[in-house]
Each structure stands twice: as structure tokens, then as C-alpha cells.
Amino acid sequence: MSRDQRVEDNWALLHAAEISGDKSLAVLFNLVPEFEGAALRQYWFMLEGLKEVYRELRSRNIPFHITVGDPAGNISEYIRKNRCGALVTDFDPLKIKRRWKKEVAGSIDTAFIEVDAHNIVPSRKVSGKQEYAAYTIRPKIEKVLDSFLTDFPEPGKKQQIDLPPVDWDKLYDNLKVDRSVGPVEWLKPGAAAAKKSIGRFIEERIERYPGESNDPNKKAVSDISPYLHFGQISAQRIALMVREADISPDAREAYLEELIIRRELSDNYCLYNDNYDSTAGFPDWAIKTLGEHKKDKREFNYSGEEFENARTHDPLWNAAQREMVTRGKMHGYMRMYWAKKILEWTSGPEEAFEIALHLNDRYELDGRDPNGYAGIAWAVGGVHDRAWKEREIFGKIRYMNYNGCRRKFNVDEYIDRYQD
Ligand SMILES: Cc1cc2nc3c(=O)[nH]c(=O)nc-3n(C[C@H](O)[C@H](O)[C@H](O)COP(=O)(O)OP(=O)(O)OC[C@H]3O[C@@H](n4cnc5c(N)ncnc54)[C@H](O)[C@@H]3O)c2cc1C
């Protein structure tokens, strides 16, 4: 178990259970004590969710083992020691996960099966290449969606065997992470909280989603991305709930467009573009236009530290930064503005990309996600977008400004909420 950290609605676990037949089945999670800039905040969300995985597995008589350290070494040792007949894992398009899997595959001689438990239409199935934009992946997903958007079977129970305990305190102690970015209080981790949260969203807010999801003052978004990131809830389960809910077609369509099409487009980007984590992943037209404007005069030029401490001249940008730092989740509309202003106020797109990614992944509960790489690449480098009217610094990259925000929502209210 790696990306999809849940017991219910998990195709990888279901497949493992199926092939295990009447033999034993165990779940192994390998914890790396430091991971790509994650702080205590993200580890906390993950470990608290894993506690629930442990309890859920236990109720089904399935042992849960957590090893700590090098994935390839630990997993191959586990396979040898326990004489496993097969290893099943979930899917992740990120390079580090793909590298780990390659190393594991090279160090074991049992069957090793990858199941895409994250996407509704498996990423490798929906397309064999990098898709240009939402309009190119949408028909490919829609064509096969009905055959994948099916209900899940129950994972079932095993015979009672030895169920080892997990020393959670020791796992926390062993983390080599920045503890100054800590847990948040407003969002409870774990599969049960995720289910409750999405249920409430569908009941109380989804109807307002089409009209108000771009207004950061209105609580009209689902706040489900941290749960999706750690696989504490399945996107397929959410889509089934939304499909069956008694809501307007507009609300259903608007939400499923983001949950399915946009989200699965990000996985496609990271799977087929090895440069998803740098400006080299941008389309040719964007690299060209940004290059032509690299020497344009910048009215403001901030350091990473100034951005991090929300010390720009723009109270709206500073409020967005503070929302992310304190809450661990910036509103989606503000993420676009936030990243585009970093492009405008740094020496060039390379520095902008680096600063945006660093801050995003340090503070956001849903950081280090394909959606984050694709979102920043969209804002700074036109990925999945088209060329717009040419202007200073941005070239043909889509521009956003303060007055545009003012026309869309009550900027002062948002600034007030995230005061220094
Ligand atoms: C600069 C920038 C950085 C971003 N960083 C991240 C990140 O680190 N992690 C992350 O998960 N998302 C990121 N996003 C995408 C998006 O902003 C978040 O997924 C969304 O704000 C999460 O909040 P929500 O669950 O309340 O969204 P809702 O609006 O309720 O949407 C429901 C779900 O649909 C998907 N979704 C919504 N908007 C997008 C989008 N633009 N692209 C892809 N999928 C989408 C997400 O899975 C989301 O959880 C980023 C976007 C930008 C522009």
C-alpha cells in the first residue's frame, strides 16, 4: 500500500485479496522518514489515516506491517522472509514512486502487479501519451467511463491469524521532518472523516458549486483534496455518490469535471512528461514566449523568504499565502492568482516555478500531488492552457490581476479573514 491508503473501495487491495484465495494476505506500508520536503503537517495527516487503515484491516483479520527506511531493501526482505507468492501495489505517476517500484521489481522474483486504485479510468489505459488539454482527454475518459464507474465489492474477511501491533509513537519519533509546520485543527484525517465530509458537501453545498466555487469567501468547494491525495477516500466512490445524489445536472457536471477530468489529466501529465517538476515540462510555445520576455523589467522582485513570510506589497497575495500557511489549504481560485503573481515578481519562470513548488509542498496538506505539479505548470507555464494576448513578463501565458479578483469576489473580506 502506498498512494491509496484505505481499506474500503481499493481496487489494489481487492485484487490482492482475490488472488490470495484461501492463503494469507497482509498489507505492507513502507514509511520513509523524510519525503520530498513534507513537514510534520503532512505526515500527521497520513499517519492518523494509517491508524484507521490498521484498525479496519484488523477487523478483517488482515495484518498490517509498517517498515521504515529504504523501500526496495525493506520490501524485498519482507517478501523473502514471508515467502510471499505475489506482491500487489497501487499506481502513482510520480518519478520517485516509479523509481522505487523499479528497484523493488529488480530485487524480487515473485509476481509484482500494479493496480491503478486512484483513477477511475486507469491512467495507463485512458491514454498512451501526454494529453494536450482537458478537451483532448475528456472524450477518451467519457468513452469508457461507464464501464469503470461501477460499484465496489466488499474486501471480505480472512481467517484469524497473528495480528502484530504497530508502535505509532515510535513512527512519529523516527520522522526526520520539519516540525514547525504542524497539524491543523479544522480537518480531521482518515477514511471515516473523509466520507462524512463528502457526504455533507453533497447534502449542503454542491448545489452552489457551479456558481460559487471561484469565490474564496463562500464555502462552496468540497475540501476533499487532502483525503484524495493520501487515498483516504476513493474518487470513484465520490463520483458514485455524486451521480446518485438528488442534485441539479449543473452541479453534478461541474463537480465531476474537476474530480474526474481535471484530476485525471494531472496524472496523465506526470505519467508521460518526465519534466513535470520543472519548466522543461512546459509546452514549446510557452517556453518560447517566456524566454522572449525574460529580460522584461520587473516592478517587484521578491526572494523566496519574502514570499514565504507574506511580505509582498499586495495584501491579497499575502492573505492567500497566510491561508496556506495557517490552514494547510489555499482556496483553488487563489492558488491560480498566487502562482501567477510569483511569476510576475521573480527573475524568471525557473525561479518562480521553484518557489511556488517549494511553498506549495511545504504548507499544503495536498502537496506533492500530480494536481500540484500540473496546477503550477498551468499557472506559470501554460500547461493544458492556450496562448493568450501577449504582455510584459507573461508573454502569451494567461494573466490574472487584482482588479480581476475584485470583480469576481469581495477581496477585502478575504484579506480581513487572513490578517497578519
Ligand atoms: C498553483 C496551483 C497549485 C495547486 N496545487 C495543488 C496541490 O498541491 N494538490 C492538489 O490536490 N491540487 C492542487 N491544485 C489543484 C486545485 O486547486 C485543488 O485540487 C483544489 O483547490 C482542492 O480543493 P477542493 O478539494 O476543495 O476542490 P474542489 O473544487 O472541491 O474539487 C474537487 C476535486 O477536484 C479536483 N480538482 C479541482 N480543481 C482541480 C484542478 N484545477 N486541477 C486538477 N484537479 C482539480 C481535486 O481532486 C479536488 O479535490 C493546484 C492548483 C493550482 C492552480
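Both counts, for ligands and for their atoms, begin at 1 and track the order of listing. One is the number of the first residue; the rest follow in order along the sequence. Keep in mind that what you see is a predicted model, and the values were worked out from it rather than measured.
Lys95 forms a cation-pi arrangement with Tyr276, by the criterion of a distance under 6.0 Å to the ring centre and an angle within 45° of the ring axis. For the pair Arg98 and Trp100, the NZ or CZ position fails the cation-pi test of under 6.0 Å to the six-membered ring centre and within 45 degrees of the ring normal.
Looking at residues two or more places apart in sequence or on another chain, you find a side chain to side chain contact (heavy atoms under 4.5 Å, CB included) between Ala134 and Arg138, Glu257, Ile261, Arg262, Leu265. With sequence neighbours excluded, the residues that form a side-chain hydrogen bond (donor to acceptor under 3.5 Å, both in side chains) with Glu8 are Lys195.
For Lys288, the NZ atom counts as loosely surrounded, since its 6.0 Å shell holds 12 or fewer non-hydrogen atoms of other residues, nucleotides or ligands.
Contact residues for ligand 1 (protein heavy atom closer than 4.0 angstrom to any ligand atom): Tyr209, Val221, Ser222, Asp223, Ile224, Ser225, Leu228, Tyr255, Glu258, Leu259, Arg262, Arg263, Ser266, Lys329, Gly332, Arg335, Met336, Ala339, Asn360, Asp366, Gly367, Asp369, Asn371, Gly372, Gly375, Ile376.
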Which pairs would a plain distance check flag for residues 391-399, meaning a side-chain donor or acceptor within less than 3.5 Å of a matching protein atom at least two apart in sequence or in another chain?
from, atom 1, to, atom 2, distance (Å)
Arg398, NE, Asp385, OD2, 2.8
Arg398, NH2, Asp385, OD1, 2.9
Arg398, NH2, Asp385, OD2, 3.4

